[in-house]
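Just so we're on the same page: letters track the sequence lines, and every chain starts at 1.
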Amino acid sequence: AQSVTQPDIHITVSEGASLELRCNYSYGATPYLFWYVQSPGQGLQLLLKYFSGDTLVQGIKGFEAEFKRSQSSFNLRKPSVHWSDAAEYFCAVGARTNAGKSTFGDGTTLTVKP
Amino acid sequence: DVKVTQSSRYLVKRTGEKVFLECVQDMDHENMFWYRQDPGLGLRLIYFSYDVKMKEKGDIPEGYSVSREKKERFSLILESASTNQTSMYLCASSLRQGGYEQYFGPGTRLTVT
């Protein structure tokens, strides 16, 4: 069975500073990996995904993530955070043989200081 | 553009009532999901459907049932609502094959009093 750990429950950064949100997964083979964002009172929206190939993937809103197989990690980064990035971020892992189901991490809440 | 809609954004029900949460998607997705979201617990899968009339239990199915009579519609039923079912409920859909992202509705915040 797959699992996802997001070690940071809450992160605060200043506007304009860089951001890295951590995600570690457990899965026996190469997984599908996703980052979603949830604004207050809304559903989740896909930021980016990794299936195969280039381990550095670009997403919407200036986000990127890097798949590191040796570390079982898929950390999300952004070089310069905007106040509108304040939200909750979820990492998810899907198995190639699991018919579209994903396992989600518990989420990281991002606060942006002016 | 994929759209997933949920019948209510906010719902208040009394203990013991039967509650129906409806979800509709417009992209002909095979898979549909119901999650509940509670602070500190992330998203927990209640039920999953991969085709009309087909369903699988998720991690926390107790106290819930589902119905999928049409491909685009997936209903979550609380047979007898209890206060510990007060939560945010999220519906999602995706293509059947593994690796495809899920598309989420806006959520229904259910309060059971």
For a quick test of reading the model, state the closest non-hydrogen atom pair linking A:Leu44 to B:Leu90 and the distance between them. CD1-CD1, 3.8 Å
Do A:Phe104 and B:Gln37 have side-chain heavy atoms sitting under 4.5 Å apart? no
Toward chain B, the part of A:Gln45 with a non-hydrogen atom under 4.5 Å: neither
Any A:Tyr36 side-chain heavy atom under 4.5 Å of B:Glu101 side chain: yes
For chain B, which residues of residues 69-91 of chain A have at least one non-hydrogen atom nearer than 4.5 Å to it? A:Glu88, A:Phe90
Less than 4.5 Å to any heavy atom of chain A: does that hold for the side chain of B:Glu30, its backbone, both, or neither? neither
Can you tell which part of A:Leu46 gets under 4.5 Å to a heavy atom of chain B, answering side chain, backbone, both or neither? side chain
Are B:Ile77 and B:Met88 connected into the same hydrophobic cluster when the rule is that any two of I, L, V, M, F, W, Y join if their side-chain heavy atoms are below 4.5 Å apart? no
A:Val57 reachable from A:Ile60 in the ILVMFWY side-chain graph, under 4.5 Å edges: yes
Are B:Leu95 and B:Val24 in one and the same hydrophobic cluster, where Ile, Leu, Val, Met, Phe, Trp and Tyr link if side-chain heavy atoms are under 4.5 Å apart? no
May I ask whether B:Tyr10 and B:Val12 are part of the same hydrophobic cluster, defined by side-chain heavy atoms of I, L, V, M, F, W, Y residues being less than 4.5 angstrom apart, directly or through others? no
Measuring from atom OG of A:Ser102 to atom CZ of B:Phe48, what distance do you get when rounded to the nearest 0.5 angstrom? 10.0 Å
Nearest-0.5 Å distance, OG1 of residue A:Thr103 to CG of residue B:Leu43: 11.0 Å
Hey, could you give me each pair passing disulfide bond (SG atoms under 2.5 Å apart) that has a residue in residues 17-48 of chain B? Not counting sequence neighbours. B:Cys23-B:Cys91
Residues in side-chain contact (heavy atoms from CB on, under 4.5 Å) contact with A:Ser3, at least two apart in sequence or another chain: A:Ser26
Residue part contacting chain A, namely of B:Arg109, when any heavy atom lies under 4.5 Å: neither
Part of A:Tyr50 within contact of chain B (heavy atom distance under 4.5 Å): neither
Side-chain cluster (under 4.5 Å, hydrophobic types only) that B:Phe74 belongs to, other residues: B:Leu11, B:Val19, B:Leu21, B:Met32, B:Trp34, B:Ile46, B:Tyr47, B:Ile60, B:Tyr64, B:Val66, B:Leu76, B:Leu78, B:Tyr89, B:Leu110, B:Val112
Nearest heavy-atom approach of B:Phe33 to A:Lys101 is CE2-CG, 3.8 Å
